[in-house]
Amino acid sequence: MNQPFPPAAATAAGSPPAPRARFTGARHRAVRHGAVFFLLLSLIAVNLTAATTVFATAAPAAVAPWPNADAVNEIIDKHYVVADSGGWVLRCRVVCRIRSYKGKKDHADFKINYNGAWQRVRVDTARTITAAGGEIPVDPAEINDIPAPWTTTANIYAGARQRVINFPAVEPGCTVAVEFTLISDRGFWATELFALPDPIARKTVSIDLPADLPLALVEPPGVSRREQRSAHRRVVVWTTTDRPAEIPEPLLPAPENRGAGLQVSTFGTWRQTTAWFTALLPPATVTAATAAAVIDPTGTGTPADHGDTRKAAASVDRLYLELMARTAPRPIDLLDSNLTVQTPAETRVNGYGTPLDLALLFGAELAARGLEGELLLANHRDLVIDPLAAAHSPSCFTVPLVRCAGSFYAFHQRDLAPGDTGLAGRRALRLADGELLTVSDRHGGRHEEILTLAPTGDNRLGGTWQACFSGSPATDRRAEWRFQSPPEWRRTSARLLHDIDPQARTVTGTPVTVSGLTELNQPLEVSCRFSIPRGFEPLGGGRLTVPLPELPLPDELRSLPAHRRGPLLLAEPLEITLTTVITMPPELHVVRQPRDETRTAPGISTSRKTRQENDTLTVSRRVVLERTLLPAPGHGENGGDELSAVAAFRRALIELLRPENRLLVLAPAGR
């Protein structure tokens, strides 16, 4: 049996980690903006006494035309020196030519992301070179150090920081240049991008490390690589030139998954990676005697339930809900924190902590009741792990989970239902043995609606609307609705009615009702009775139209361009079911209805079915999205956009959203 919570262990020599790129997306993931040459470092390293390598003073590379570019990265040189201990020094030089006002806004500030808990930054030179060739150095007062903006909700635990350099006199036609040194003392891993929002004239990345230290890596295509070896050192150099700017598109995966990133680390296996993580844990946990009946004073979840799987699962759920009600998470990615981990006793006394702190407390409470939990780290970014697994980078896993009684429990945000993490389909690293698991949610993301419509005889329509949400859709709405005041809820109710029909109004005395806002182990349900001051829409010739509600798909899916360039990531599984029940007037019959159809394409399956029983017509529509990464067009089995997974997915969407596929036409008998 796997050890649920591994003891603290010293990191094996030569197996420490390094920094990571902070590009996030999706629902509860912050997207970082700023200078396009953000330092994309993974966060960590080990003690280091490194030789300083001086950059060559080669002239900037000739700038490729790119007439419409707002700025051009003429030179990006990054040189890593890794010590025998696994720590490292980075010397970096960036030269960027400003072409437009937007380029000025994007690059007047240069931001170096690092973690102050184990890294130090020194700005060596920073200056603006005017269009006339003059040089204006940056005043030391214009170099500032601030907490990383994305960690403000957990600033007492944050180690992530930014060194911000404000260049003087930045105008179109000038060049900004900076050289800096970053020293890290807890191990080596890094993510380097070879495609950025602005073109790259030349980028070079070199890693100088001991010859006997492993270098695990995943390389992007189209980047040249050369290697030199001596008796004691090994130097690997990657170079790219004349790289065009990346075109922004919706639903792009992380850069590492779209052929733009180099992922490297000095970890030879995932077990070595877990050794680094487990070394962060407290050396001892609370005993059963001190943990018992603290979070769960009623005594539920005792070992007597363990013989029955369902009772045991229910006990774990109660314990999780009680813990999340009594403690407040301070949401922060593990590698953005200062790596100070509280003991379960400290978290219990404080009443708050990082997601890792809460996971350790939950594990201790489980152990106090004779229940076994496994500690895992999951991926919280729009990143698909398997193509990058060979690099064994700790930056892939930053969100703690606990697995118990077959379910996964998360602590990175409030309002999560037991067994629903919002991370379904993502990979997680089990800290007991370094195995990769796939996270599954108990309910997944489900959105179900039933709409009934019936003429009331006075040229009005009446009906009911019922909606049921579970998994991520429920979490999103709970976060929005849970603490709304009565006036705020009235505005929310008006918006929900507008989505049914712009003229819909609730029937007097029956407002929009909601249940399950606080009962996190129950689905979230919304319902109302409404009236619309008109009948079915006239079409001419005595015919009437009944437009069916639109499927509530994410906006990004509705606007996929016809000629997409990049891959497409469906980050979260989602199942949407819409059922419309129409009471037919006796004098009318159906002359046109959506055809029954089932369609399957990469990442999506859809179905539509219409049935009539007496005077009741029911139209059921269903769409299921799966978490998947669809490769860029042109990567089909035989090449060509028409064969690509993205094109097939888009065709299925177009068919699903065609107006004629949600239109009913009624006519008097005999017409």
Side-chain angles (χ1 to χ4, degrees), residues 17-25 29-45 73 76-80 87-94 96 106-124 126 138 142-155 157-167 176 178-198 203 205 254-256 260-265 331-339 380-383 393-399:
R20 75 163 179 220
R22 281 294 313 184
F23 281 82
T24 61
R29 296 168 280 284
V31 179
R32 288 181 200 170
H33 299 282
V36 289
F37 32 72
F38 263 5
L39 179 62
L40 296 158
L41 298 171
S42 313
L43 301 170
I44 294 183
N73 295 292
I76 303 177
D77 281 341
K78 303 182 80 170
H79 183 65
Y80 295 91
W88 49 272
V89 167
L90 167 67
R91 294 290 311 283
C92 181
R93 177 190 181 201
V94 176
C96 181
D106 290 341
H107 298 278
D109 294 338
F110 185 89
K111 300 178 177 69
I112 305 168
N113 298 330
Y114 71 103
N115 192 307
W118 67 87
Q119 295 177 332
R120 303 184 302 280
V121 170
R122 182 183 71 239
V123 177
D124 300 314
V138 173
E142 295 301 316
I143 301 175
N144 296 284
D145 200 84
I146 63 172
W150 56 88
T151 64
T152 53
T153 56
N155 58 347
Y157 294 107
R161 301 191 65 81
Q162 281 187 342
R163 186 67 53 85
V164 183
I165 303 168
N166 298 301
F167 291 104
V176 294
V178 62
E179 295 183 22
F180 66 88
T181 301
L182 177 66
I183 302 173
S184 189
D185 63 3
R186 283 197 181 223
F188 180 69
W189 72 84
T191 300
E192 288 293 343
L193 300 188
F194 290 92
L196 295 172
D198 293 307
K203 178 170 181 176
V205 175
E256 302 95 303
L262 166 70
Q263 190 94 24
V264 294
S265 85
I332 187 171
D333 279 1
L334 177 58
L335 297 182
D336 283 334
S337 74
N338 55 19
L339 299 189
H380 199 204
R381 297 190 295 146
D382 290 337
L383 186 70
S393 174
S395 63
C396 293
F397 299 105
T398 60
V399 183

- Say you draw a straight line from CZ of F180 to CD1 of I143; how long is it, rounded to the nearest 0.5 Å? 12.0 Å
- Backbone of L193 reached by a side-chain donor or acceptor of K203 within 3.5 Å: yes
- Message: Using every non-hydrogen atom in the two residues, find where P331 and A154 come nearest and quote the distance to one decimal.
- Response: O-CB, 3.6 Å
- Just say parallel, tilted or perpendicular for the rings of F188 and W88, cut-offs at 30° and 60°. perpendicular
- Dump the intermediate steps for side-chain contact (heavy atoms from CB on, under 4.5 Å) on T151 and Y157, then the final yes or no. CA-CA 9 Å; T151 64; Y157 294 107; over 6 Å; no
- For L335, does its backbone N or O pair with a side-chain atom of D333 as donor and acceptor, under 3.5 Å? no
- Message: If you apply the rule side-chain contact (heavy atoms from CB on, under 4.5 Å), what do you find for F110 with V176, and how did you get there?
- Response: CA-CA 9 Å; F110 185 89; V176 294; over 6 Å; no
- Task: Only counting residues at least two apart or in another chain, list the ones meeting side-chain hydrogen bond (donor to acceptor under 3.5 Å, both in side chains) with D145.
- Result: Y114, R161, R163
- Check V123 against A126 and note the closest heavy-atom contact, atom names and distance. CG1-CB, 4.2 Å
- Grab the two heavy atoms, one from V138 and one from N166, that are nearest each other, plus how far apart they are. CG1-O, 3.7 Å
- Message: How long is the straight-line distance from SG of C92 back to NE2 of H79, given to the nearest 0.5 Å?
- Response: 12.0 Å
- Item | R91/D124 salt bridge by N-O under 4.0 Å criterion | yes
- Query: What closest approach, in Å, do I165 and V178 show between heavy atoms, and which atom pair accounts for it?
  - Reply: CD1-CG2, 3.6 Å
- When rounded to the nearest 0.5 angstrom, what is the spacing between OG in S393 and CD in E256? 8.5 Å
- Test item: N115 side-chain N/O and S337 main-chain N/O as donor-acceptor pair under 3.5 Å: yes
- Minimal heavy-atom distance between C96 and N73, with the atoms involved, is SG-OD1, 3.9 Å
- Nearest 0.5 Å please: distance from the CD atom of Q119 over to the CD1 atom of I112. 11.5 Å
- Side chains of Y80 and V205 in contact at under 4.5 Å (non-hydrogen atoms): yes
- Item | Interatomic spacing from CG in L182 to NZ in K78 - rounded to 0.5 Å | 9.0 Å
